[in-house]
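We count ligands from 1, going down the list as the structure has it; atoms in each ligand are counted the same way.
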Amino acid sequence: MEKANLDWTNLEFSYIKTDYHLEYYFKDGKWSEAQIKKSDKIELHMAATALHYGQQCFEGLKAFERADGKISIFRVNENAKRMKRSAKKIKMEPFPEDKFIEAVFKVVQLNRRFIPPYGSGASLYVRPLLLGTSGIVGVKPSYEYLFLIFVTPVGPYFKGGLKPIRLLVEEEIDRAAPLGVGDVKVGGNYAAGMRATIKAKSLGYNEVLYLDAKHKKYIDESGPANFFGITKDNKYVTPASSSILPSITNKSLRVIAEKELGMTVEQRPVDVQEIFDFEEAGCCGTAAVITPVKSITYRDREVVYLKDEDVGPTCKKLYDTLTGIQLGTVEDKYSWNFEVPMD
Ligand code: PLP
Ligand code: COI
């Protein structure tokens, strides 16, 4: 099938309409089969719990055209599991994991002409979304749900790809509370962070680095991605926190760091003062991949990790291994790629 006529090497991380999305409905205690939709509009009850009380959660994953021409999705089983956990935490009906994987395959197959070609640096971003749809004005869980899934071809989240970003440690705005919902992928967390990101951008930074809301002492994560630091003695250090999203990219990088690069991995509370001792730092996530950190500003001090170069040696090795596995140029020893049948 002929590819869509897009400027593949210059795609941004933004919405482009594709051919189809899928919808599944939960009604009378069971999930429907997929309905294939062409329009990118949905109809919702104006009192839907998703709209008023934030009863919604979502996922983000990527499909890649590999060097051998096959199409694969990175760790889709992990996203299926995390979405179930998100749904349960805010009392929504979880979408079954096996159906989630089927839905991802099907929506990619249906929109195959939008899968960016190997070598373009772009990928097909898959966005599953679960919404409480019952029109209830009282604050209680919906009894009906809509699971929908769409795709959109994307380039790098931070403009320029493997281009370093400047982070600002945010002390006046919290993204999430320690016993709240920061560890699940619900829309409210992103709304809570928008004013911090806008503030950081207005001051010339690319993103925020949040501290834990209780002690204001430990690093949590960045707006759309987890954080890691590389120490001078070659350790991969990343925060353990109850208020950050357990990133699948970070989970993969911890394995790559330990097993492929022979590094020591520490997942533990990371005191913000440690930024001044790191050799390198990065943000990681599906959209962010690995985005090298150029500098971090905390109060009146700035630590600079990268001067003229775009990426440090360890971040580069992590990036090359991760993206090599995703694109089929590095052996997928850990069976992270799920091949999508395309006949
Ligand atoms: N943290 C936040 C707040 C995110 O939105 C994301 C993106 O999904 C991540 C971390 C990275 O998670 P993952 O690597 O699973 O995409
Ligand atoms: C992702 O990386 O998939 C995300 O959902 C981050 C999002 C804020 C773009």
Side-chain angles (χ1 to χ4, degrees), residues 11-16 56-64 73-86 89 100 104 122-130 149-159 161 165 167 170 173-177 180-194 196-198 200-201 206-213 219-228 236 238-257 267 282-291 293 318-319 322-323 325-326 336 338:
L11 292 177
E12 294 186 2
F13 192 90
S14 62
Y15 179 76
I16 292 174
Q56 66 89 261
C57 60
F58 67 101
E59 270 304 326
L61 57 161
K62 280 178 173 170
F64 299 90
I73 321 257
F74 191 66
R75 305 194 78 171
V76 54
N77 55 330
E78 292 287 336
N79 294 87
K81 219 188 315 170
R82 188 170 67 188
M83 192 168 205
K84 193 168 164 189
R85 206 168 58 76
S86 297
K89 188 150 187 185
F100 179 103
V104 172
S123 55
L124 189 70
Y125 187 69
V126 184
R127 176 51 70 86
L129 175 69
L130 180 63
I149 184 162
F150 68 83
V151 294
T152 192
V154 295
Y157 186 78
F158 291 104
K159 269 207 180 79
I165 56 168
L167 295 178
E170 175 56 63
I173 297 172
D174 293 325
R175 170 187 171 273
V181 293
D183 63 335
V184 290
K185 209 161 168 60
V186 300
N189 290 332
Y190 299 81
M194 280 187 196
T197 301
I198 287 170
K201 286 189 174 166
N206 302 89
E207 252 303 342
V208 169
L209 186 59
Y210 291 103
L211 296 184
D212 78 287
I219 297 175
D220 254 1
E221 64 177 329
S222 178
N226 275 186
F227 174 84
F228 64 86
Y236 179 101
T238 193
S241 163
S242 64
S243 48
I244 65 175
L245 192 75
S247 155
I248 296 158
T249 313
N250 194 350
K251 185 174 180 177
S252 312
L253 291 177
R254 293 197 297 272
V255 173
I256 293 172
Q267 189 180 17
C283 289
C284 63
T286 299
V289 195
I290 290 179
T291 303
V293 173
L318 290 166
Y319 180 92
L322 175 72
T323 56
I325 294 172
Q326 291 171 333
W336 287 339
F338 286 67

**Report entry** Listed partners of R127 passing salt bridge (charged side-chain N to carboxylate O under 4.0 Å, His left out), at least two apart
**Finding:**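 R127 satisfies salt bridge (charged side-chain N to carboxylate O under 4.0 Å, His left out) with no residue once adjacent residues are dropped.
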
Query - Sequence-distant partners of E207, salt bridge (charged side-chain N to carboxylate O under 4.0 Å, His left out), two or more places apart - result: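 E207 satisfies salt bridge (charged side-chain N to carboxylate O under 4.0 Å, His left out) with no residue once adjacent residues are dropped.
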
Query raised in the report: Out of M83, K84, E78, which one pairs with K81 under the side-chain contact (heavy atoms from CB on, under 4.5 Å) rule?
Result: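 Single side-chain contact (heavy atoms from CB on, under 4.5 Å) partner of K81 among M83, K84, E78: E78.
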
Say whether [X] and [Y], considering side chains only, have a donor N or O and an acceptor N or O under 3.5 Å apart.
| X | Y | value |
| --- | --- | --- |
| S242 | D183 | no |
| S243 | D220 | yes |
| R75 | S252 | yes |

Requested in this report: Might you list the protein residues in contact with ligand 1, defined as having a heavy atom under 4.0 Å from one of its atoms, sorted by chain and number?
Outcome: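 Shell around ligand 1 (4.0 Å, heavy atoms): R82, R175, K185, Y190, E221, G223, P224, A225, N226, L245, S247, I248, T249, C284, G285, T286.
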
Report task. For the residue pair F58 and L130, establish whether any side-chain heavy-atom pair is separated by less than 4.5 Å. Result ->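 They are not in side-chain contact.
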
Query raised in the report: Should P224 and F158 count as side-chain neighbours, where that means a heavy-atom distance under 4.5 Å?
Result: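 Yes; the side chains approach each other to less than 4.5 Å.
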
Requested in this report: List, ordered by chain and residue number, the protein residues whose closest non-hydrogen atom lies under 4.0 Å from any atom of ligand 2.
Outcome: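 The 4.0 Å shell around ligand 2 contains F13, F58, G60, Y125, R127, Y157, K185, Y190, P224, T286, A287.
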
Query - Parallel, tilted or perpendicular, as decided by the 30° and 60° cut-offs, for the rings of F228 and Y236 - result: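 Rings of Y236 and F228: parallel, as their planes differ by under 30°.
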
